[in-house]
Amino acid sequence: MSAGGAPHIIRAGSIPAWVRVRDLALTVAVWALFAWWVEGALSLIWDWLSSPMFELTTHAQPDWRRMWVKLEPFIGISALLATWLLAWGVYRSAAFARLAKQASAAPLDLAEHASRYGIGAEEVVSLRQLRVATVRVDADGNMGLADPAPKGDWNRPPVA
Amino acid sequence: MNLLDAVLAFCFGYPFVMAWYWIVGAVVHEQRWERHEPRYDRPPALDAYPPVSILVPCFNEEDTARETFAALDRIEYPDYEVIAINDGSKDRTAEVLAQIAKEMPRLRVVHLATNQGKSTALNVGALAANSQILVCIDGDALLDPRALTWFVRRFQLNAGLGAITGNPRIRNRSSLLGRLQVGEFSAIVGLIKRAQTVYGALFTVSGVICAFRKRALHDAGWWASGALTDDVDASWAIQIAGWAITYEPKAICWILMPETLRGLWRQRLRWAEGGTQAVLGRTASLFARRRWRLLPTWINFFLSVAWAYTMFVAILWWIVASLAGMPPSGASPLPGDGGLLLALVYFAQMLVGVLLDRRYEKDLPESLFWVVWYPLAFWMLQAATSIVGVPKALNRPMHAQGTWVSPDRGLR
């Protein structure tokens with residue numbers, strides 16, 4: 001990881017040069033294909049932006065009305081949903097602010113947590129003090145410490 | 001409007017409408033929750049620094065563990081422990097973890113005798129954890145040093161938050177597939193998470209980087225051992241239990257994604273199968289507990305599945321009609337006017353995603369060059385995983401363990 005915290009991006013050197021060239025060429029080709037597909041719209045925009053600007057000189061005026069009729073329901077639904085999201089977002093923001101003022105939830109009690117997995121609280125305390133442990137889990141999801149943990153200086157509670 | 005017109009309208013309308021919905025939601029999120037925030041690499045001082053436990057489930061991570069835990073040793077937070085859960089690895093993960101633990105005093109290692117799946121590994125890790133706040137990352141991910149501070153800050157600002165999803169950024173960009181996913185994580189994942197945060201119900205946290213309150217997980221029944229996508233399942237359970245989830249884009253984690261077609265297919269298929277399994281599994285409790293806030297997210301999930309099937313039928317229809325020498329009908333696999341308009345809308349979505357995420361990764365605009373593949377090919381891959389994943393989820397045995405083998409982690 002670099003000093004700024006961002007790790008080096010992996011751009012494998014092991015990839016053969018021909019694969020890199022292939023990826024690049026294919027992607028350029030797909031962009032070209034896409035441009036060819038939308039050539040009509042691109043030339044229209046070009047015409048509109050060329051001198052005299054904001055006028056169509058070589059193209060006929062597109063049938064905006066027909067396009068609008070086709071797209072109107074989808075644009076309408078999009079606008080409706082976006083408006084609803086905005087309104088709901090404002091409402092949720094207020095609800096979030098109310099939650100923020102609540103007292104923090106009670107921490108999870110160790111015994112309560114332990115009972116969920118059919119393990120004694122004392123055993124969980126032991127588990128939490130070990131640096132290396134083996135846990136067994138049965139078919140019902142009950143847990144327990146398995147083998148005795150390795151002994152030795154380094155298997156002590158972690159340093160905070 | 002006849003049936004075919006309705007089918008074609010849905011094929012076009014669903015992605016068109018949702019793209020604008022995600023864009024608007026993401027822009028609102030940026031204005032409301034990101035614009036006035038400090039830079040991600042300059043987190044503010046907190047009033048208190050409660051202890052945090054970082055859980056790292058590891059299954060066959062001998063190649064990546066050293067790098068992952070070295071990053072965790074550089075976290076800029078005063079009080080944290082790291083718990084590696086060795087989920088019955090078959091390679092040398094156990095020895096590697098033992099070696100790292102000797103050099104890293106904060107690291108604790110919990111071994112499971114057999115591979116139990118990520119959910120069970122996380123449950124074991126949570127039981128071993130000394131803190132009330134749990135941060136979960138994958139065994140091949142690199143956590144940004146400031147991420148814990150951002151997570152804790154969010155929890156301190158809102159007592160009702162049960163979970164927070166972080167911001168996964170892709171490291172490996174060696175192949176076309178790798179580069180393509182860089183853009184996808186901004187334009188699709190990032191935008192959806194932002195919009196869903198504005199709305200107040202998230203489909204899922206990112207399992208590779210997320211944080212939880214222990215109390216919220218306990219109320220939700222912890223991670224379900226049979227879940228194929230532990231993150232989706234836990235997200236729904238937590239929200240149904242009444243807790244909120246939010247997105248913290250400043251909590252960054254650098255991740256590896258598959259860069260082979262086979263690996264990508266396997267990963268996305270598991271996501272589709274697991275997502276279906278989780279949503280279907282939680283539907284009864286959603287309605288029983290009347291969590292209507294989740295309903296739009298629930299409906300959108302089924303619409304996305306329906307879209308995949310509708311596209312499949314419409315394309316099949318077109319192929320059959322063409323082969324039979326009938327006049328063209330259905331959806332052509334080659335984009336027509338509607339398809340091109342959808343592609344343009346997708347590029348707009350991508351542009352917004354990149355502009356918003358540029359503050360977390362300044363080189364991101366480079367990824368725009370590769371996104372042309374997304375509307376042409378990647379969408380189809382996503383739809384195909386849905387088509388295959390849904391029946392797989394429906395046929396999955398009720399008590400099957402949620403175990404899987406990770407796909408490739410990119411090319412080096």
Side-chain angles (χ1 to χ4, degrees), chain A residues 1 4-12 14-15 19 23 26-27 30-31 34 37-38 71 73-74 77-78 81-82 85-86 88-89 92-93 95-96 99-108 112-114 116-117 119 124 127-128 130-137 141 143 146 154 158-160, chain B residues 12-13 16-17 20-21 24-25 28 32 41 71 74 79 81 98 101-102 105-106 108-113 116 120 124 127-128 130 132 142 144-146 157-160 171-176 195 198-200 213-215 218 222 225 244 254 335 340 343 369-370 372-373 376 410-412:
Chain A
M1 207 176 276
H8 296 294
I9 299 299
I10 301 168
R11 299 180 206 271
S14 61
I15 298 273
V19 173
D23 290 351
L26 278 174
T27 307
V30 174
W31 273 115
F34 188 77
W37 266 324
V38 294
L71 289 176
F74 305 112
I77 296 171
S78 303
L81 278 179
L85 179 66
L86 281 171
W88 186 251
R92 282 291 307 161
S93 232
F96 237 57
L99 278 173
K101 287 173 192 154
Q102 282 180 3
S104 204
L108 181 62
E112 195 182 351
H113 191 174
R116 169 72 176 73
Y117 294 108
I119 184 174
V124 175
L127 171 64
R128 290 183 180 180
L130 289 169
R131 288 205 59 212
V132 179
T134 302
V135 170
R136 57 175 166 69
V137 184
M143 296 177 189
W154 70 285
V159 182
Chain B
F12 171 80
F16 181 87
V17 168
W20 293 114
Y21 182 81
V24 169
V28 172
R32 170 74 178 79
D41 54 353
R74 290 193 290 266
D79 191 358
E81 63 174 355
K102 285 179 185 169
R106 290 180 191 276
R108 297 167 54 207
V109 184
V110 180
H111 297 283
L112 299 180
Q116 305 269 345
T120 302
V124 170
L127 190 68
N130 286 292
Q132 291 293 322
L142 305 184
D144 184 84
R146 282 76 48 153
L157 287 173
N158 195 325
R171 287 182 71 201
N172 52 321
R173 300 161 190 197
S174 302
S175 71
L176 188 58
V198 170
Y199 165 66
R213 282 187 209 272
K214 258 188 186 172
R215 167 58 64 185
H218 190 75
W222 296 94
S225 62
W254 296 89
L340 291 174
F369 174 70
W370 305 97
V372 69
W373 290 101
L376 291 176
L411 309 165
R412 296 206 181 211

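A note on names: the letters A, B, ... follow the listed sequences, proteins ahead of strands, and every chain is numbered from 1. Heavy atoms only: backbone and side chains are in, while hydrogens, waters and symmetry mates are out.
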Q: Grab the two heavy atoms, one from A:Leu85 and one from B:Ala195, that are nearest each other, plus how far apart they are.
A: CD1-O, 4.0 Å
Q. Side chain, backbone, both or neither: which part of A:Val19 has a heavy atom under 4.5 Å from chain B?
A. neither
Q) Picking from A:Ile77, A:Ile119, A:Val137, which has the most non-hydrogen pairs under 4.5 angstrom with chain B? A) A:Val137
Q | When A:Gly89, A:Pro107, A:Pro73 are compared by non-hydrogen pairs under 4.5 Å with chain B, the top option | A | A:Pro107
Q. Checking heavy atoms, do the side chain of B:Ala244, its backbone, both or neither come under 4.5 Å from chain A?
A. side chain
Q. Under 30°, 30 to 60°, or over 60°: which ring-plane class applies to A:His113 and B:Trp222, parallel, tilted or perpendicular?
A. parallel
Q | Contacting region of A:Phe74 [heavy-atom separation from chain B under 4.5 Å] | A | both
Q: May I ask you to test the B:Leu340-A:Phe34 pair for a side-chain heavy-atom distance under 4.5 Å?
A: yes
Q | Closest-packed option against chain A by number of heavy-atom pairs under 4.5 Å, given B:Phe12, B:Phe16, B:Tyr199, B:Trp370 | A | B:Tyr199
Q) Any sub-3.5 Å donor-acceptor pair from A:Asp23's side-chain atoms to B:Ser175's backbone N or O? A) no
Q) Looking only at heavy atoms, which two atoms of A:Ala114 and B:Leu127 are closest? And how far apart? A) CA-CD1, 4.3 Å
Q: List in chain and number order the residues that pass salt bridge (Lys or Arg N to Asp or Glu O under 4.0 Å) with B:Arg215, two or more places apart in sequence or in another chain; answer none if no residue qualifies.
A: A:Glu112, B:Asp219
Q: Establish, from distance only, whether the side-chain atoms of B:Trp373 and A:Thr27 form a donor-acceptor pair under 3.5 Å.
A: yes
Q: Could you look at A:Arg116 and say if it's the side chain, the backbone, both or neither that has a heavy atom under 4.5 Å from chain B?
A: side chain
Q. How many angstroms lie between CZ in A:Arg136 and CD in B:Gln116, if you round to the nearest 0.5 Å?
A. 12.0 Å
Q.
Quick check for you: to the nearest 0.5 Å, what is the distance between B:Asn172 atom CG and A:Arg11 atom CZ?
A. 11.0 Å
**Q.** A:Leu26 versus chain B, the contacting section by heavy-atom distance below 4.5 Å
**A.** both
**Q.** A:Ile9 side chain reached by B:Trp254 side chain, heavy atoms, under 4.5 Å
**A.** yes
Q) Would you say B:Arg108's side chain and A:Leu127's backbone share a donor-acceptor pair under 3.5 angstrom? A) yes
Q) Which region of B:Val28, side chain (C-beta onward) or backbone (N, CA, C, O), has a non-hydrogen atom less than 4.5 Å from a non-hydrogen atom of chain A, or is it both or neither? A) side chain
Q: Find out whether A:Val132 and B:His111 are in side-chain contact, i.e. whether some heavy atom of one side chain is under 4.5 Å from a heavy atom of the other.
A: yes
Q | Results of side chain to side chain donor-acceptor pair (under 3.5 Å) for A:Trp37 - residues two or more places apart only | A | none
